[in-house]
There are 2 protein chains.
Amino acid sequence: MYDALKATFDRIVPLSDSDWAFALPLFKYVEYKKGELILREGEVHHHSIFVITGALRIYNFNGNKESIRNIFLENSMFNESGSYYLKKPSLFNIDAIEATKAFIMHRNDAEVLFSRSVQLATLGRRFAEYALATVVERNNELTSMDGKARYLKLLKEKPHVFQRVPQYMIASYLGITPEALSRIRKEIAG
Amino acid sequence: MYDALKATFDRIVPLSDSDWAFALPLFKYVEYKKGELILREGEVHHHSIFVITGALRIYNFNGNKESIRNIFLENSMFNESGSYYLKKPSLFNIDAIEATKAFIMHRNDAEVLFSRSVQLATLGRRFAEYALATVVERNNELTSMDGKARYLKLLKEKPHVFQRVPQYMIASYLGITPEALSRIRKEIAG
DNA sequence: AAAGTCTATTGATCTACATCAATCACTTAG
DNA sequence: CTAAGTGATTGATGTAGATCAATAGACTTT
């Protein structure tokens, strides 16, 4: 049950058996039904989530339209950073696109964990650093590429997402409307 | 000379005298002339930069137009995250908007530093976490607010920037053209 | 099979903002 | 004092993508 978790973490920083023995009980196993709301806008997000299988999304509303910020598939770890790290009310909702199995860890437990050894502290640092690098990259895409270029990049780098997520969610993730994405696809196909 | 640095760091994680004695020699003091190029697109960014006084910006080119990603004033620490953490060629340039005094630390020294104690490891983690939270917030602004709303938010949250940075750079930071910003200002004033 | 619900497509129109071009105000150098 | 930058403003026009509305295919539910 912990295999995927261990493999993912060990790829970042190898941990001692002692650190693992300390870490594993701090994770709580949870299952989310398809469509289940995990975090509601306005609540503070207290947990980091490691997706074992399934798919979660984080999104907010622009007016009455959903705007998807990110989609997390298996073996990815995330939280609502602004809320989790700064303890502010979340600007986003999190829900399950698919039935999902996950481990979650409370911020307080994570702080204890990351204070236990330099290896664990480094693990925590690497997660934040990696997340930071990817968010900056996404930021750059949104400001310097148009919809078509963003679509082609996603198609190239994460083709598997298209097998699992409906097109209107892809459009939302790309920052455009379903109509605009449909026209981009038509233009490319034609 | 180290006062601002110490005060900023201590606000995040208080360090022991021993840790400070270890840390300080790893910083290198540098001065940048106004307009000086610090990092060129395509190079790997090896240093984190702590701004003592002055102003630096990170930007790239969309076609032949500069697009400013961020501006860093005194007592802020940053690096080109994608390049620094993933050791990839930078997508951005960094240069000095004003004459600037700074400390820089090489990634290799930072890794040594953050592996020395749990306190120092936590300091490194907090920097990444805080940067992550702010980048996510900026990301959200760029996708869910229009130019006018972004301008008003900046005016409210960082009014001092307007005293120091020309309007066309503000426009670029906001993701709009100088012409568009000028019209927004006119509309608000009128 | 019929009815209802989603998702994707297509067309018509609208809008925020970009682009191009000219002018104006300020500063700095000769 | 004058010329030459440099930054900000204003006007005219262009465009990517939003919005609104209709249609059609695919899936469920009964």
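Computed from a predicted model, the values in this text were never measured in an experiment. Throughout, protein chains are lettered first and strands after them, A, B, ... in sequence-line order, and every chain is numbered starting at 1. Basis for what follows: all heavy atoms, side chains included, without hydrogens, waters or symmetry-related copies.
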Quiz item: Does the distance from a Lys or Arg side-chain N to an Asp or Glu carboxylate O, for A/Lys153 and A/Glu137, drop under 4.0 Å?
Solution: yes
Quiz item: Does the side chain of B/Tyr59 pick up a donor-acceptor pair with the side chain of B/Asn70 at under 3.5 Å?
Solution: no
Quiz item: Which word best sums up how the rings of B/His45 and B/Tyr84 line up, parallel for under 30°, tilted for 30 to 60°, or perpendicular for over 60°?
Solution: perpendicular
Exercise. Ignoring hydrogens and angles, answer whether the base of C/dC6 and the side-chain atoms of A/Gln167 contain a donor-acceptor pair closer than 3.5 Å.
Key: no
Quiz item: Is A/Arg107 salt-bridged to A/Glu111, cutoff N-O under 4.0 Å?
Solution: no
Quiz item: Counting side-chain heavy atoms from C-beta on, which of C/dA18, C/dA16, D/dA16 comes nearest to B/Asp146?
Solution: C/dA16
Quiz prompt | N/O (side chain, A/Thr177) to phosphate O (OP1/OP2, D/dG17) under 4.0 Å | solution = no
Quiz item: Of the candidate nucleotides D/dG17, C/dT19, D/dA8, which contains the atom at the shortest distance from the side chain of B/Lys65?
Solution: C/dT19
Exercise. Choose from D/dG17, C/dA16, C/dA21 the nucleotide whose nearest atom is closest to any side-chain atom of B/Glu179.
Key: C/dA21
Exercise. With the side chain of B/Ile176 defined as its heavy atoms from C-beta on, choose the nearest nucleotide among C/dA18, C/dT10, D/dT10.
Key: C/dA18
Self-check item: Identified ring-ring contact (aromatic ring centres under 6.0 Å, His included) partner of B/Phe78 from the options B/Phe72, B/Phe127, B/Tyr130
Solution: B/Phe72
Quiz item: Which of the following nucleotides, C/dC17, D/dG11, D/dA18, is nearest to the side chain of B/Arg183?
Solution: D/dG11
Self-check item: Intra- and interstrand pairs of DNA chain C - dot-bracket, Watson-Crick/G-U under 3.5 Å, | marks other strand
Solution: ||||||||||||||||||||||||||||||
